[in-house]
Amino acid sequence: MVSERHVERSFLSETKKISTVFYQKLPVQPVLFLVRVWYNIKGCLRNGLRQAAIPCIVIQKKFRRSPILDKKYDPKKVEPAWQKHWEEDQVNKTASSHPGEKFYCLEMFPYPSGNIHMGHVRNYTIGDVIARYKRMRGYNVLHPMGWDSFGMPAENAAIKHGVPPSRWTHENIKHMKYQLNQLGLSYDWDREITTCSPEYYRWNQWLFLKMLEKGIAYRKSSYVNWCPSCVTVLANEQVIDSKCWRCDNTVVQKELDQWFLRITDYAEELLTACDELSGWPEKVVLMQKNWIGKSYGVEVDFRMDGMDESIKVFTTRQDTLFGASFVCLSPNHPLSSKLVPDKISLEEITSRYGKVDEKVGLFTGGYCVNPMNNEKIPVYIANFVLMEYGTGAIMSVPAHDQRDFDFAGKYGLPVRVVISPEKESSESGARGPSEAYEEEGVLVNSGQFTGLKSREARERIAEYIEENGIGKKVVNYKLRDWGISRQRYWGTPIPVIYCDGCGITPVPEKDLPVVLPENVKLTGTGSSPLQESESFIMTSCPSCGGKARRETDTMDTFVDSSWYFIAYCFGRAGIDFDTDTGKLKEELGYWMPVDQYVGGVEHAVLHLLYSRFFTRVMRDLGIVDFSEPFINLLTQGMVIKDGAKMSKSKGNVIDPDHLIENYGADTSRLFSLFAAPPERDLEWSDKGVEGAFRFLNRVWNIVVRNVDSLWSVEMTVFDKKELEGFPSPLRDLLRKTHQTIKKVTNDIEREYHFNTAIAALMELVNEIAGVEPSDERAAKVLRFAIENVLLLLFPFTPHIAEELWRAIGNETRASEQKWPVWDEDIATTEKIELVIQINGKLRGKLMVPRGLPDEEIKRIALGEEKIAEFIGGRDIKKVIVVKGRLVNIVPGG
RNA sequence: GCCGGAGUGGCGGAAUUGGUAGACGCAAGGGACUUAAAAUCCCUCGGGUCUAAAGCUCGUGCCGGUUCGAGUCCGGCCUCCGGCACCA
């Protein structure tokens, strides 16, 4: 037995050593420090520690305590320090060799607008939790970040402020990278990509050349959406309500020569493969299906009366063919200008082309023949007929299509009923002339097909049409080829040369990249800015060597983002340009496809469909050997404040910088994870942020309060037998800890329910707060609980977890630890609470040992005094026992 | 119009396969500590009934159904949100 006197002597000699050698490094005031050490030694004595060496160890350990640990939680001290450590230690770097299974965790890369917003904070925090969790689970994780850095804002800034787009973009990137790092996001910055760098976009150009070779890229003259304000062509997907998606100005139609990608060649595959996207939200899959818009129908020829022409018409309702009383052409239909020599009238219709609000038509004076009944029907030109869908001409059946009905009424055209409702209701006769019957039914007035039901009639009529050579069955898609030409400067130059002699000539691969020139004047007027750059345009033909001109359009920026996830896998970000497809396949094969993709639902049809298309193109080029780029997709909800999406115009924007400044990154992360499950919209709440901050303070304070006791014991894992002798608060805490490990793990695994995982951690922390380290055993239990809390907390709030992990005396890093495991035996209680119901209504509760047989449970439940009272002598009709949950008694009468 | 999703306390949200509705947090009220305030800690917190507790009773948008038992399943509505939309 060591006497107190003995310990004191050893203490004094130790402190002397410390003060002489380490004095200047002492974490706190020397006097205070010594008082703490002395207190600790006394604690050791009280706890019956018998070796004189112990106090010395305690002193040494105490000395190694993190100098940052303070009474008060200050994220401004904690967070930058750990961010620096992680960077120095390169803990987020992708391993070159790793025993674990690969896990590619990706978040949609941002446009470098200048500042991150709360949507980014949420998106990237979710991804970061997943990446950190998977690392702890032993996966080899790839977690990269980059910049979708081509696009119009850079150009607009140049026009407005005279800053070159390149400089503007790179300055923004620098600042946003700083902001992302402040959030403690675990990216491997070695793999950073920037789409506006020539190293990146030469791959765009290379892919384009490959597509050109394969006929996937082609040039055609076409009516395109033209935004007069942005002075550019827009893709169909960029037109919302016939307005520009960016500037909200009305889009007009313009005929231009454009480059297109034949995405329609892949329409069928993209559609059928939708069913394999089991890791995607159903909603997104449906949106893609609708966007592709497959429909089955027939193409029927309507011969022009007295002319050597015929009009091809597409319909999905061939069962209504006998009711066609006129035919409408699109104003852009080739026949339109032939039939109407009156240019002014035609222009009138054309100018209203595609306008939803008013439907106007122009009688051409011509007639065509309905091939089913040889009836002569008039031909109209109508503004609502789209040239881009079907054949650009429709048959009109006013009795069974509301729009045709309205049109017929306006121009006095006949309405002939050919479908009657299957169930002859009183309503059918009473149906007024104000409405078309659009549902299916039974055919009437339809020659040999009269009496058939719509479904069968469609099949029979389709066959009849094919047999008689008046048309054919066809499949139609709403999806149209992707126009990628943009009359813009800040994008990838399209690598094509126009030669008077040789025509369209691709730039040879060895000449890539075609570099975007820097010295271009941007005025914001005119069409393509590159047209002003003589030095860029003038070149020689790669084929004949003669004078030639370069293409001055650039690519849609969606091209950049359609394959960027593959660029991260290079691990050499365009340092060399090795286009050997075999090598590429090998290089990309390890990481791809992406295991978890996280981003906003706003990309459900644009980016996500293009990426699926590009992946298939690359597959067909032999670069990759899979078809789907993203196995699992998580679409996070918007960040809402005062019931509306955050926006500058509404003035309800929360600046992430202020948030980090006031509360720190961990609190920002915690709040955005706790306030709602990832897929749902998140309602912003200042008070909620304070709550998250309070929780982290609570964790901090618990560690500070117990730090001495925690230092005095080693991490101990108890087994179930040892537990039996423990007083119940300690036993309960251990059980709760195991249960929490289980719950947090399951909540993350099950659809990333971070909010409930965090709630479980809060419960555990509340329980820890109620336990005092009164003896060594209690201290060990506390240490077990706290270490696990810190590890479970690590993916969510890495800085504070890392800091406290160190503070309780660990020399390792939390970021290097394995994810905790639970002991099912301890997590399971030996006694369970059963609910007693009578007729499904809660009438009492019962504590019974786990695994008690049903018969026994019934007996106990029926024996309860209160229950007997309720039953009041009635017969027992039935007793249902649900294992581990309840017993329900059904009395008779 | 078509296709989705959602509706639970004062609020954000829990309830995993049909099995104790309201976990966790916020707000609110009360108390402890303090010269005081802040911070912290403790208690209460869906409605009704009752002096109070216990108890009883109503309660997950509305109406009905299935079931021993429904927030959860089925049928019919209502409201809100998102996507597509002259698609023939």
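Chain naming here is simple, since letters A, B, ... match the order of the sequence lines and numbering starts at 1 in each.
Taking atom CG on A:D401 and atom C1' on B:C2, their separation rounds to 14 Å, with Å as the unit. Note: CD (A:E767) to C1' (B:C42) measures 17 Å, nearest angstrom. Rounded to whole angstrom, the span from the CG atom of A:D686 across to the C1' atom of B:C11 amounts to 14 Å. If you take CG of A:N370 and P of B:A88, they are 19 Å apart, rounded to a whole angstrom. The separation between A:Y389 atom OH and B:C84 atom P is 17 Å, rounded to whole Å. At whole-Å resolution of the value, CD1 in A:I748 and C1' in B:U16 are 15 Å apart. In this structure, A:I640 atom CD1 and B:G13 atom P are separated by 10 Å, rounded to whole Å. The interatomic distance linking A:F671 (CZ) with B:G13 (P) rounds to 10 Å, in whole Å.
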Short heteroatom pairs, N/O only, protein and nucleotides 22-26 of chain B, under 3.5 Å:
residue, atom, partner, partner atom, Å
B:A23, O2', A:E763, OE2, 3.1
B:G25, OP1, A:N766, ND2, 3.2
B:C26, OP1, A:R694, NE, 3.2
B:C26, OP1, A:R694, NH2, 2.8

Under 3.5 Å, which N/O atoms of the protein pair with N/O atoms of nucleotides 5-10 of chain B?
none

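The environment of A:E751 atom CD is sparse: at most 12 non-hydrogen atoms of other residues, nucleotides or ligands sit within 6.0 angstrom. Around the NZ atom of A:K645, the shell of radius 6.0 Å holds no more than 12 heavy atoms that belong to other residues, nucleotides or ligands. Shown here is A:R850, whose CZ atom has more than 12 heavy atoms of other residues, nucleotides or ligands within 6.0 Å.
Annotated as anti: B:G22, whose glycosidic dihedral deviates from 0 by more than 90°.
Every stem involving RNA chain B, taken as at least 3 paired positions in a row under the Watson-Crick or G-U wobble test at 3.5 Å, is listed here: B:1-7 with B:78-84, B:10-12 with B:24-26, B:28-32 with B:40-44, B:46-49 with B:55-58, B:61-65 with B:73-77.
In this structure, A:D681 reaches the sugar-phosphate backbone alone: every heavy-atom distance under 4.0 Å involves primed, P, OP1 or OP2 atoms, never a base. Here A:V385 lies in heavy-atom contact (under 4.0 Å) with a base. Residue contacts shown for A:E833 include a base, since a base heavy atom lies under 4.0 Å away. The residue A:R403 sits close to a base: some heavy atom pair falls under 4.0 Å. Among the protein residues, A:K845 comes within range of the nucleic acid bases, having at least one heavy atom under 4.0 Å from a base atom. Using a 4.0 Å heavy-atom cutoff across all strands shown, A:K743 reaches at least one base atom of the nucleic acid.
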Distance-only donor-acceptor pairs under 3.5 Å for side chains of residues 753-764 of chain A, two or more places apart:
residue, atom, partner, partner atom, Å
A:T756, OG1, A:D747, OD2, 2.9
A:T756, OG1, A:H753, O, 3.1
A:E763, OE1, A:K736, NZ, 3.0

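Look at A:E282 and A:K289 and you find no salt bridge, because none of the NZ, NE, NH1 or NH2 atoms lies under 4.0 Å from a carboxylate O. Salt bridge annotation for A:R317-A:E438: absent, with no cationic side-chain nitrogen under 4.0 angstrom from a carboxylate oxygen. A salt bridge does not link A:K687 with A:E690: every distance from a Lys NZ or Arg NE/NH1/NH2 to an Asp or Glu carboxylate oxygen is 4.0 Å or more. Under 4.0 Å is where a charged nitrogen must lie from a carboxylate oxygen, and between A:E348 and A:R352 at least one such pair does. Residues A:E824 and A:K742 are paired through a salt bridge, judged by an N-O separation under 4.0 Å between the basic side chain and the carboxylate. Residues A:R859 and A:D854 are not paired through a salt bridge, judged by the lack of any N-O separation under 4.0 Å between the basic side chain and the carboxylate.
Comparing the P positions of B:G5 and B:C42 gives an interatomic distance of 43 Å, to the nearest angstrom. B:G46 and B:A28 have their C1' atoms separated by 14 Å, given to the nearest Å. For B:A21 and B:C56, the P atoms lie 12 Å apart once the distance is rounded to whole Å. Straight-line distance between the P atoms of B:G4 and B:G13: roughly 24 Å, to the nearest whole Å. Comparing B:U67 with B:U51, their P atoms sit 42 Å apart, to the nearest whole Å. Annotation: B:G22 and B:G47 have their P atoms spaced 14 Å apart (nearest Å). B:G59 and B:G48: their P atoms are spaced 15 Å apart (whole Å). With both ends at atom C1', the span from B:G61 to B:U72 equals 16 Å, rounded to whole Å.
Each of A:V601 and A:G392 has a nearest nucleotide on RNA chain B; the 5'-most of these lies closest to A:V601.
Counting heavy atoms from C-beta on, the side chains of A:I832 and A:M847 never come closer than 4.5 Å. In this structure, the side chains of A:E268 and A:Y477 come closer than 4.5 Å at one or more pairs of heavy atoms.
Listed by first and then second residue, the salt bridge (Lys or Arg N to Asp or Glu O under 4.0 Å) pairs involving residues 398-408 of chain A amount to none (not counting sequence neighbours).
The side chain of A:A675 lies closest to B:G12, out of B:C84, B:G83, B:G12.
Scanning all heavy atoms of the two residues, the minimum distance from A:T364 to A:V379 falls at OG1-O, 2.7 Å.
The aromatic rings of A:Y610 and A:W482 lie parallel to each other, their planes meeting at an angle below 30°, with 60° marking the opposite boundary. Using a 30° and 60° split on the angle between ring planes, A:F407 and A:Y411 fall in the tilted class, from 30° to 60°.
The side chain of A:R843 contributes an N or O atom lying less than 4.0 Å from OP1 or OP2 of B:U57.
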Query - Heavy-atom protein contacts under 4.0 Å, nucleotides 64-72 of chain B, coded B base, S sugar-phosphate only, - none - result: ----BS---
